[in-house]
Enquirer: 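Following this message is one structure expressed as structure tokens.
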Amino acid sequence: MNTGSDEPGEVAVVPDKAETGEGPAGDGLGSRAPEFVKQRRALHLSWQVGVFVIGLAVVVAGIIMLPLPGPGWVVIFGGMAIWATEFVWAQLVLRWTKRKVTEAAQKALDPKVRRRNITLTVIGLVIIGVLAGIYLWRFGVVAPWRIKDQ
């Protein structure tokens, strides 16, 4: 921002790194609202309220979908992504989540972990098969529509 004067003793003000979106690693945190919205305080506040309400609706829908059929976690992260277009805290939460998911994916691809997971899956399937076999040996297979009233 220029002071508008070339006289000696006048100092030009350099914008903060936070204002330009050039944080420690050029992280680009901050509002992604259009410039004409950012220029007017009331409009920007209305924009933020709208983004928050829409994001909240999506997150609540995702929470409702957790026990019900539907992609609950995907919808919750979609709501967080909506919030991240306007709020730094949501951007930081999404970055942390992405980092943790990447770490978990790399850990899951480790050959030792994969062997352990495959072994545990096979053991679990064998146990389920044995239990199903015991049940069928004990009670047999009877179609539900052929059950006689007792």
Side-chain angles (χ1 to χ4, degrees), residues 1 12-150:
M1 186 168 121
V13 178
V14 179
D16 248 351
K17 285 187 176 184
E19 292 176 358
T20 61
E22 299 173 10
D27 53 10
L29 295 175
S31 175
R32 290 180 176 79
E35 285 303 317
F36 75 91
V37 171
K38 290 182 193 177
Q39 291 173 354
R40 294 164 184 83
R41 178 73 181 140
L43 188 56
H44 192 224
L45 186 61
S46 301
W47 180 275
Q48 286 181 325
V49 168
V51 167
F52 182 79
V53 169
I54 291 170
L56 182 65
V58 173
V59 168
V60 167
I63 291 171
I64 291 171
M65 285 184 204
L66 287 176
L68 300 175
W73 285 110
V74 173
V75 174
I76 289 172
F77 289 125
M80 289 296 294
I82 291 171
W83 279 339
T85 63
E86 197 59 37
F87 303 107
V88 174
W89 61 266
Q91 293 168 358
L92 295 174
V93 168
L94 278 180
R95 285 184 183 183
W96 179 83
T97 304
K98 287 178 185 177
R99 187 173 60 247
K100 291 298 179 182
V101 167
T102 303
E103 290 172 6
Q106 289 174 349
K107 187 176 179 183
L109 293 176
D110 179 33
K112 289 181 180 178
V113 175
R114 287 189 70 196
R115 270 193 302 274
R116 184 196 67 203
N117 290 345
I118 290 171
T119 303
L120 290 174
T121 301
V122 168
I123 290 171
L125 289 173
V126 167
I127 290 172
I128 290 172
V130 168
L131 292 174
I134 291 171
Y135 177 84
L136 291 174
W137 174 70
R138 173 72 174 94
F139 299 106
V141 179
V142 178
W145 55 87
R146 299 215 179 204
I147 297 176
K148 296 180 183 176
D149 293 332
Q150 295 181 5

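Predicted, not measured: the structure shown is a model, and the values here were computed from it.
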Enquirer: Could you go through residues 123-138 and list every donor-acceptor pair under 3.5 Å that involves a side-chain atom there, pairing it with any protein atom two or more places apart or in another chain?
Expert:
none

Enquirer: Using side chain to side chain contact (heavy atoms under 4.5 Å, CB included) as the criterion, list what pairs up with Val60, not counting sequence neighbours.
Expert: Leu56, Ile64

Enquirer: Using the salt bridge (charged side-chain N to carboxylate O under 4.0 Å, His left out) rule, collect all pairs that involve residues 100-126, keeping only residues at least two apart or in two chains.
Expert: Lys100-Glu103

Enquirer: Kindly list each side-chain donor-acceptor pair under 3.5 angstrom involving residues 72-94, sequence neighbours excluded, with atom names and distances?
Expert:
| residue | atom | partner | partner atom | Å |
| --- | --- | --- | --- | --- |
| Trp83 | NE1 | Phe52 | O | 3.0 |
| Thr85 | OG1 | Ile82 | O | 2.6 |
| Glu86 | OE1 | Ser31 | OG | 3.0 |
| Glu86 | OE1 | Trp47 | NE1 | 3.1 |
| Glu86 | OE2 | Ser31 | OG | 2.6 |
| Glu86 | OE2 | His44 | NE2 | 2.9 |
| Glu86 | OE2 | Gln48 | NE2 | 3.4 |
| Gln91 | OE1 | Gly30 | N | 3.0 |
| Gln91 | NE2 | Gly30 | O | 2.8 |
| Gln91 | NE2 | Ala84 | O | 2.7 |

